[in-house]
Number of protein chains: 2
Amino acid sequence: MTVRCGSGDHPEHDVYAALCPGREVLEALSGKWSALAIGALEAEPQRFTHIQRRLQGVSPKVLTRTLRQLEQFGFLTRTVIPAVPVRVEYALTELGRGAAQPLAQLRTWVETNMDSVRFQGQTEIGPTQRIH
Amino acid sequence: MTVRCGSGDHPEHDVYAALCPGREVLEALSGKWSALAIGALEAEPQRFTHIQRRLQGVSPKVLTRTLRQLEQFGFLTRTVIPAVPVRVEYALTELGRGAAQPLAQLRTWVETNMDSVRFQGQTEIGPTQRIH
DNA sequence: CGGGATCCCATATGATACTG
DNA sequence: CAGTATCATATGGGATCCCG
């Protein structure tokens with residue numbers, strides 16, 4: 001069964017708890033390519049190569065791992081279509097479509113707020129100064 | 001100025017583009033502790049130790065790096081309050097409060113859908129079979 | 001109290017080439 | 001087409017100890 005991790009009184013899941021399995025899920029969805037991959041499948045199922053072209057810069061190896069991980073959690077399905085050459089289709093599950101929503105909002109937020117983000121260099125700080 | 005990365009016709013930012021600076025931002029918000037850290041500051045500014053206690057399991061070094069990174073992008077501010085001992089307060093900026101929303105939705109989605117997530121092991125696959 | 005300095009490791013990510 | 005194999009690198013993350 002699923003481990004719960006509510007803090008104290010209520011039994012709900014709480015990603016702030018160290019042992020909450022939700023952390024794994026959050027990390028899976030937070031991978032460098034996860035949000036993009038899920039977004040690529042929002043409209044309709046897609047084949048490997050299509051996804052790879054969409055996520056500009058991803059290597060086949062990394063994309064494979066990303067997709068397999070998402071599949072393991074049940075966010076998407078991988079279907080091999082017998083044909084020559086073979087076709088493999090990735091499609092979001094019901095769960096995946098659910099996760100796709102907050103992820104899409106995150107992507108959209110980033111895109112629409114890019115101009116407010118600061119890209120300046122380091123904030124030099126050094127050791128915290130003591131007051132004498 | 002800010003680099004744009006719209007695909008083709010429109011000039012908007014597009015995180016699917018390889019050179020889009022939005023990718024950095026998305027990654028910054030996708031760090032293992034980023035979403036949790038920002039969430040910890042949603043209600044009100046907090047001190048380092050408080051945040052550390054909230055994010056169960058984070059080491060001081062990693063938390064420091066997480067916060068500094070978020071500060072660099074302008075998501076939060078770090079204020080040293082002259083006192084003995086020194087107090088350092090972290091507070092979300094306007095930008096940070098904006099980012100906090102989609103992140104909160106993501107956390108909430110994960111927490112409320114944990115029971116639907118599959119935690120079973122690997123999907124054994126092996127090399128894709130060829131059709132003869 | 002709020003970190004910095006170090007050391008260390010796992011693993012995520014990458015580039016490239018090759019194959020069923 | 002849809003990967004796997006290999007090699008290489010980075011760096012995020014962690015543990016510990018120390019400091020002003």
Side-chain angles (χ1 to χ4, degrees), chain A residues 18 23-24 26-37 40 45-71 76-90 122-132, chain B residues 18 23-24 26-37 40 45-72 76-91 122-132:
Chain A
R23 287 220 176 146
E24 286 180 54
L26 198 53
E27 286 171 45
L29 295 177
S30 298
K32 179 170 183 176
W33 304 101
S34 305
L36 298 176
Q46 300 289 352
R47 300 171 60 178
F48 186 88
T49 305
H50 180 272
I51 303 174
Q52 191 182 7
R53 273 193 299 266
R54 189 93 212 290
L55 276 56
Q56 294 176 32
V58 71
S59 72
K61 177 183 124 182
V62 172
L63 179 56
T64 296
R65 219 201 9 229
T66 300
L67 293 171
R68 294 282 160 91
Q69 186 187 28
L70 293 174
E71 184 194 8
L76 53 82
T77 58
R78 175 180 181 274
T79 309
V80 179
I81 299 172
V84 184
V86 176
R87 305 179 51 131
V88 179
E89 271 209 346
Y90 292 88
Q122 306 278 0
T123 308
E124 274 314 330
I125 299 185
T128 307
Q129 295 309 310
R130 184 183 201 161
I131 309 299
H132 294 284
Chain B
R23 286 219 175 150
E24 286 181 52
L26 198 53
E27 285 171 45
L29 295 176
S30 298
K32 179 170 181 175
W33 304 101
S34 306
L36 297 175
Q46 300 290 351
R47 299 173 58 179
F48 185 88
T49 306
H50 181 271
I51 303 174
Q52 190 181 8
R53 273 194 299 266
R54 190 112 204 325
L55 277 54
Q56 296 176 31
V58 70
S59 73
K61 174 187 135 182
V62 172
L63 179 56
T64 296
R65 211 185 27 206
T66 299
L67 293 171
R68 294 282 163 91
Q69 186 187 27
L70 292 173
E71 185 195 6
Q72 280 177 40
L76 53 81
T77 59
R78 175 179 180 274
T79 309
V80 179
I81 300 173
V84 184
V86 176
R87 303 179 52 131
V88 180
E89 271 209 347
Y90 292 89
Q122 307 278 0
T123 309
E124 274 316 329
I125 300 186
T128 306
Q129 296 309 310
R130 184 183 200 159
I131 308 297
H132 296 283

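Numbers restart at 1 for each chain; the letters A, B, ... are given by sequence-line order, proteins then strands. The figures here come from the full heavy-atom set of this structure, side chains too, leaving out hydrogens, waters and symmetry mates.
- Nearest heavy-atom pair, Arg23(A) versus Leu36(B), reported as atom, atom and distance to 0.1 Å: NE-CD1, 3.9 Å.
- With sequence neighbours left out, Gln46(A) forms a side chain to side chain donor-acceptor pair (under 3.5 Å) with His50(A).
- Atom CG in Leu67(A) sits about 11 Å away from atom P in dA2(D), given to the nearest Å.
- Look at Arg87(A) and you won't find any side-chain N or O under 4.0 angstrom from OP1 or OP2 of dA2(D).
- Put simply, CD on Gln56(A) is 14 Å from P on dA15(C), counting in whole angstrom units.
- Under the side chain to side chain contact (heavy atoms under 4.5 Å, CB included) criterion, Thr66(B) pairs with Trp33(B), Ser34(B), Ala37(B), Val62(B), Leu70(B), sequence neighbours left out.
- Contacts of Glu89(B) classified as salt bridge (Lys or Arg N to Asp or Glu O under 4.0 Å), with partners at least two apart in sequence or in another chain: none.
- For dG3(D), one of the phosphate oxygens OP1 or OP2 lies less than 4.0 angstrom from a side-chain nitrogen or oxygen of Tyr90(A).
- An OP1 or OP2 oxygen of dC1(D) is reached within less than 4.0 angstrom by no side-chain nitrogen or oxygen of Arg47(A).
- Look at Arg78(B) and you won't find any side-chain N or O under 4.0 angstrom from OP1 or OP2 of dG2(C).
- Comparing dC1(D), dT4(D), dA2(D) by their nearest atom to the side chain of Thr64(A) picks out dT4(D).
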Using the 3.5 Å cut-off, write out each protein N or O paired with an N or O of nucleotides 9-13 of chain C and the distance between them.
from: dT13(C); atom 1: OP1; to: Lys32(A); atom 2: N; distance (Å): 3.1
from: dT13(C); atom 1: O4; to: Lys61(A); atom 2: NZ; distance (Å): 3.0

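- Between dC1(C) and Thr49(B), no contact under 4.0 Å exists linking OP1 or OP2 to a side-chain N or O.
- By the side chain to side chain contact (heavy atoms under 4.5 Å, CB included) test, Ala35(A) pairs with Leu103(A), sequence neighbours left out.
- Under the side chain to side chain donor-acceptor pair (under 3.5 Å) criterion, Gln52(A) pairs with no residue, sequence neighbours left out.
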